[in-house]
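These numbers were taken from a predicted model, which means no experiment stands behind them.
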Amino acid sequence: MENIVGENTQSKFDLELEKIGITLNERQKQQFDKYYEMLVEWNKVMNLTGITEYDEVNLKHFTDSLTIARTQEMQKVQSVIDIGTGAGFPGIPLKIAFPHLKVVLLDSLNKRIKFLDAVIEELGLENISTIHGRAEDFAKKKEYREQFDLCVSRAVANLSTLSEYCLPFVAVNGSFVSYKSGDSEEEIQQAKHAISLLGGKVRNVDKFQLPGTDMGRALVEIKKTKQTPGKYPRKAGLPAKEPLK
């Protein structure tokens with residue numbers, strides 16, 4: 001397939017990434033373009049995204065995924081787990097932009113895992129793997145529990161619930177970053193007790209407008225200050241049904 005973008009379109013993506021301190025080489029740009037093509041192609045037969053226009057995917061999926069570089073020194077991060085990754089956001093953009101990362105993508109839907117495996121192979125990405133299942137189950141396994149410098153999630157769920165899914169994967173002194181909408185202040189306040197129970201503390205909330213869009217964004221960084229008690233996460237389904245108060 002010929003390059004689907006003109007110079008101007010490409011440079012718009014470059015420009016937004018430069019604002020957050022990211023410069024892509026030619027191979028990385030090609031990987032993002034191939035990822036876009038595969039996303040749109042597979043989206044015809046399965047529900048991966050409601051956004052399919054090239055510029056919008058670049059901004060609302062790729063750039064959005066990479067905004068974490070505003071608050072995290074990604075070169076110092078070694079291992080990342082993306083919980084409820086869906087079509088691979090933010091995990092795959094992070095892997096493309098920061099190839100040194102060791103990345104694990106977790107999702108509960110097997111057909112999405114098949115898509116992610118196809119993307120990983122097509123893009124030639126290494127040191128990245130997928131797991132099919134629920135966070136509540138994998139967080140109990142010793143090869144995953146408290147093994148990651150950074151946990152990320154763009155999943156749409158209450159922050160108390162997300163923290164119970166995610167904090168058990170984070171090593172002490174690591175961080176969990178939740179990608180939230182701009183008006184999440186009340187939700188963050190309500191989640192603070194749950195976060196504390198799980199061994200975390202809200203360290204920073206970075207609020208901004210996603211470049212070139214009307215989307216308000218808040219990156220909520222939760223620092224892991226002590227080990228998560230063994231009883232968390234509770235059994236599958238409970239964190240969503242009865243969020244910790």
Side-chain angles (χ1 to χ4, degrees), residues 35 61-62 64-69 71-110 112-117 119-120 123 125-180 191 194-195 198-201 203 219-230 232-234 236 239-240:
Y35 186 14
H61 284 324
F62 298 165
D64 183 46
S65 293
L66 296 173
T67 53
I68 194 171
T71 62
Q72 302 292 305
E73 289 185 77
M74 293 306 297
Q75 297 300 343
K76 292 185 177 177
V77 175
Q78 294 303 314
S79 54
V80 178
I81 186 164
D82 179 4
I83 301 296
T85 185
F89 309 122
I92 288 181
L94 287 173
K95 178 64 186 177
I96 295 172
F98 304 102
H100 73 281
L101 292 174
K102 183 182 180 188
V103 176
V104 174
L105 308 172
L106 179 144
D107 201 84
S108 60
L109 203 62
N110 200 40
R112 286 200 287 252
I113 293 291
K114 286 180 177 165
F115 166 70
L116 298 171
D117 287 340
V119 170
I120 289 165
L123 270 50
L125 300 176
E126 295 173 353
N127 246 344
I128 179 169
S129 58
T130 59
I131 45 179
H132 169 232
R134 299 183 72 125
E136 299 100 315
D137 298 327
F138 278 92
K140 297 283 190 188
K141 296 178 188 280
K142 67 175 188 296
E143 64 266 39
Y144 294 106
R145 191 174 183 89
E146 300 189 325
Q147 295 301 309
F148 296 89
D149 301 333
L150 179 65
C151 177
V152 290
S153 186
R154 279 208 331 170
V156 180
N158 175 286
L159 187 59
S160 293
T161 301
L162 269 181
S163 297
E164 189 170 354
Y165 291 154
C166 294
L167 277 170
F169 290 98
V170 180
V172 174
N173 296 321
S175 295
F176 159 45
V177 176
S178 175
Y179 290 62
K180 286 285 176 191
I195 290 166
L198 296 159
K201 185 174 185 193
R203 181 187 188 184
L219 294 177
V220 184
E221 181 188 3
I222 296 167
K223 192 78 178 166
K224 181 79 168 269
T225 56
K226 56 182 187 287
Q227 284 190 312
T228 301
Y232 301 117
R234 292 164 295 162

Has the side chain of [X] got a donor or acceptor atom that lies under 3.5 Å from a matching backbone atom of [Y]?
X      : Y      : answer
Thr225 : Gly199 : yes
Thr161 : Pro239 : yes
Arg203 : Ile222 : no
Lys224 : Leu167 : yes
Thr228 : Leu198 : yes
Lys226 : Gly200 : no
Tyr179 : Ser65  : yes
Glu164 : Leu162 : no

Could you state the interatomic distance from CG (Asp82) to SG (Cys151), rounded to the nearest 0.5 Å?
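Here the interatomic distance stands at 7.5 Å.
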
So, taking the atom named CG in Leu219 and the one named OG in Ser178, what distance separates them when rounded to the nearest 0.5 Å?
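Reported to 0.5 Å precision, the distance equals 8.5 Å.
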
Is the NZ atom of Lys102 crowded by more than 12 outside heavy atoms at less than 6.0 Å?
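No, NZ of Lys102 has 12 or fewer neighbouring heavy atoms, counting only those of other groups under 6.0 Å.
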
Worked verdict on Lys141 versus Ile131 for side chain to side chain contact (heavy atoms under 4.5 Å, CB included):
CA-CA 12 Å; Lys141 296 178 188 280; Ile131 45 179; over 6 Å; no

Identify each donor-acceptor pair in which a side-chain atom of residues 92-101 lies under 3.5 Å from a protein atom, sequence neighbours left out, and give them as a table.
| unit_1 | atom_1 | unit_2 | atom_2 | d |
| --- | --- | --- | --- | --- |
| Lys95 | NZ | Pro99 | O | 2.8 |
| Lys95 | NZ | Leu101 | O | 2.6 |
| Lys95 | NZ | Glu126 | O | 2.7 |
| His100 | NE2 | Met74 | O | 3.1 |
| His100 | NE2 | Val77 | O | 2.9 |

Listing request: all ring-ring contact (aromatic ring centres under 6.0 Å, His included) pairs with a residue in residues 138-169, at least two apart in sequence or in separate chains.
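Sorted result for residues 138-169: Phe138-Tyr144.
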
Measure from the ring center of Tyr35 to the ring center of Phe62 and say whether it is less than 6.0 Å.
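They qualify: ring centres under 6.0 Å apart.
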
